[in-house]
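Worksheet for the structure shown next.
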There are 2 protein chains.
Amino acid sequence: MPASRSLIQGDDMYAIPIRDFFKSAFSVDCVIFGYHAGELKVLLIQRGSEPFENFWALPGDLVYPDEDLDSAANRVLMDLTSLTDIPIRQVHTFGKVDRHPLGRVITVAYLALVEFTELSPHASSWARQTRWHPISRIPRLAFDHKEILDRSVLDLKTLVLTEDIWSKVLPEKFTLTQFQEFFECVLNKRFDKGNFRKKLSGAPFLRQLNETQKNVSHRPSLLYSLDRKKFQSARAKGFAFDF
Amino acid sequence: MPASRSLIQGDDMYAIPIRDFFKSAFSVDCVIFGYHAGELKVLLIQRGSEPFENFWALPGDLVYPDEDLDSAANRVLMDLTSLTDIPIRQVHTFGKVDRHPLGRVITVAYLALVEFTELSPHASSWARQTRWHPISRIPRLAFDHKEILDRSVLDLKTLVLTEDIWSKVLPEKFTLTQFQEFFECVLNKRFDKGNFRKKLSGAPFLRQLNETQKNVSHRPSLLYSLDRKKFQSARAKGFAFDF
DNA sequence: TCAAAAGTGTTATAGGTACACCCATGT
DNA sequence: ACATGGGTGTACCTATAACACTTTTGA
């Protein structure tokens, strides 16, 4: 291995010709979390071709030459779910030399959290199957996707406390109990109802609506909606949940 | 742009021939922080060639075809400082289409925090100059390196609370006051001496030595050393500083 | 004996925890 | 009327912040 040189100085400075550095590719892989029936799930595809044919895998794609990383991740998310305006977050980049059997491919992992949704019909063009899997029961995955998923689950737990990554996981109008149950699910902790609400009281980003639940066999709950702008500005001032 | 397909299915599935995806490269850039005289500094190089000749930049290099990302980052760090066994952490991957004038190059940013040190003589082979810069006074930087640096400074503030990234920033033997001053510097906060020590009392990873400061014109401080193993296991059980 | 920083103790208060209790609705 | 979950109040207790005080060294 030659002595190191700073980035791209010209072929003659490298023992390895510089064009050899341009024989690699990069992809994005999306860890799309969904929340349903009090359970956290992740969207997996079943691969339709080699390598790892028939294995379940995270949805992902090579990044086009003229495409930003974030755009590529958004494209994958959009193709599968038809959802727009979903906050995504880069998790980590995985680049082991042998992680892809067909060449040097590093992958940038992204994470999203969406309201549980029927899959886009378009989704079927991606792979043999597309399906939500509960986090607690994940099949054997292709490539290093298990490692990517595990890492993303960890990151999710810190992201929900500080970022607006959760802002599309609940319906437009939600109850404080639903809000609480979501955090209990992700963080795997239980909270006291009264104390949880006390922490949230006066949170400027939770708008109480003049509307209540209908057709429930108990006292109907007040409904709330999220003011995403106000959450952003609270966050900018250092706000974070301390659940 | 063609309909998306899962990762690498064969040339015929792509409107863009798959070999076009392998015309990109990736690099690592290292944000090497040092702590000296109560100030946080960062190691920059002055580029010796185009593009951005004479601009200051983060040290970085293309990743060799048979080299892991972490290894590449360690190599850069090692070349510049001759230091080994320094914890590094991946920060973020930057991949805007036009971020590098000579082609599609995405870069994976890494962060390290070292005891202030004379630079390795080897360092001069890297660039015109190599120098520590206080993070409060950073010159105009090449590429998108200012963005990378800003992001790393933010990440550092959370990493010092949860990870062992700080474990090589102090001398082998240090005082609790030095320990406090380091955190005050990075977090840009001041702490009460008594309360700070109370929080640390009983921390199993701080070993009190049978040794004191010498030749100080005041009561000499007890010296401590870090038990990195014990810190790791505390961290594994969920420990984090709550400064 | 003085300056300077180490190191410990004390107290008031804020915030968290646990829990009890009432409320509104469908059956 | 009662079961069910919504919603609120209180009392205790602990963690923290602010500050005062004693200790040990070199000059």
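Below, chains carry the letters A, B, ... as their sequence lines are ordered, and counting in each starts from 1. Computed over heavy atoms, backbone and side chain alike; hydrogens, waters and symmetry mates excluded.
- Ring centroid separation for the pair B:Phe191 and B:Phe183 does not come in under the 6.0 Å cut-off.
- One finds a salt bridge joining A:Glu163 and A:Arg89 here, because a Lys/Arg side-chain nitrogen approaches an Asp/Glu carboxylate oxygen to under 4.0 Å.
- Close placement of the B:Trp166 and B:Phe231 rings is indicated, their centers lying within 6.0 Å of each other.
- Aromatic pair A:Phe143/A:Phe94: centroids not less than 6.0 angstrom apart.
- With hydrogens and angles disregarded, a donor-acceptor distance shorter than 3.5 Å links the side chain of A:Arg128 to the backbone of A:Gly48.
- Looking at heavy-atom distances under 4.0 Å, B:Thr177 makes contact with sugar-phosphate atoms alone, never a base.
- Contacts with DNA chain C (heavy atom under 4.0 Å) in residues 208-223 of chain A: A:Val216, A:Ser217, A:His218, A:Arg219, A:Pro220, listed by number.
- Between the side chains of A:Tyr110 and A:Asp70, at least one donor N or O sits under 3.5 Å from an acceptor N or O.
- Ring pair A:Phe174/A:Phe179 is parallel by interplanar angle, where below 30° counts as parallel and above 60° as perpendicular.
- In this structure, the CZ atom of B:Phe196 is 15 Å from the P atom of C:dT8, given to the nearest Å.
- Separating the CG atom of B:Leu176 from the C1' atom of C:dA6 is a distance of 10 Å, rounded to the nearest angstrom.
- Each end of the helix from C:dT1-D:dA27 to C:dT27-D:dA1 gets its own axis from five base pairs, and the two axes differ in direction by 10°, given to 10 degrees.
- A ring-centre distance under 6.0 Å is found for A:Trp132 and A:Phe116.
- Rounding to the nearest 0.5 Å gives a distance of 13.5 Å between CD1 of A:Ile45 and CZ of A:Phe55.
- The CG atom of B:Asp192 sits 14 Å away from the P atom of C:dT8 (whole-angstrom rounding).
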Could you go over nucleotides 10-15 of chain C and give all protein N or O partners under 3.5 Å, atom names and distances?
| from | atom 1 | to | atom 2 | distance (Å) |
| --- | --- | --- | --- | --- |
| C:dT10 | O4 | B:Lys198 | NZ | 3.1 |

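- Whole-Å rounding puts the B:Lys193 NZ to D:dC21 P distance at 14 Å.
- Atom pair B:Arg190:CZ and D:dT16:P shows a separation of 20 Å (rounding to whole Å applied).
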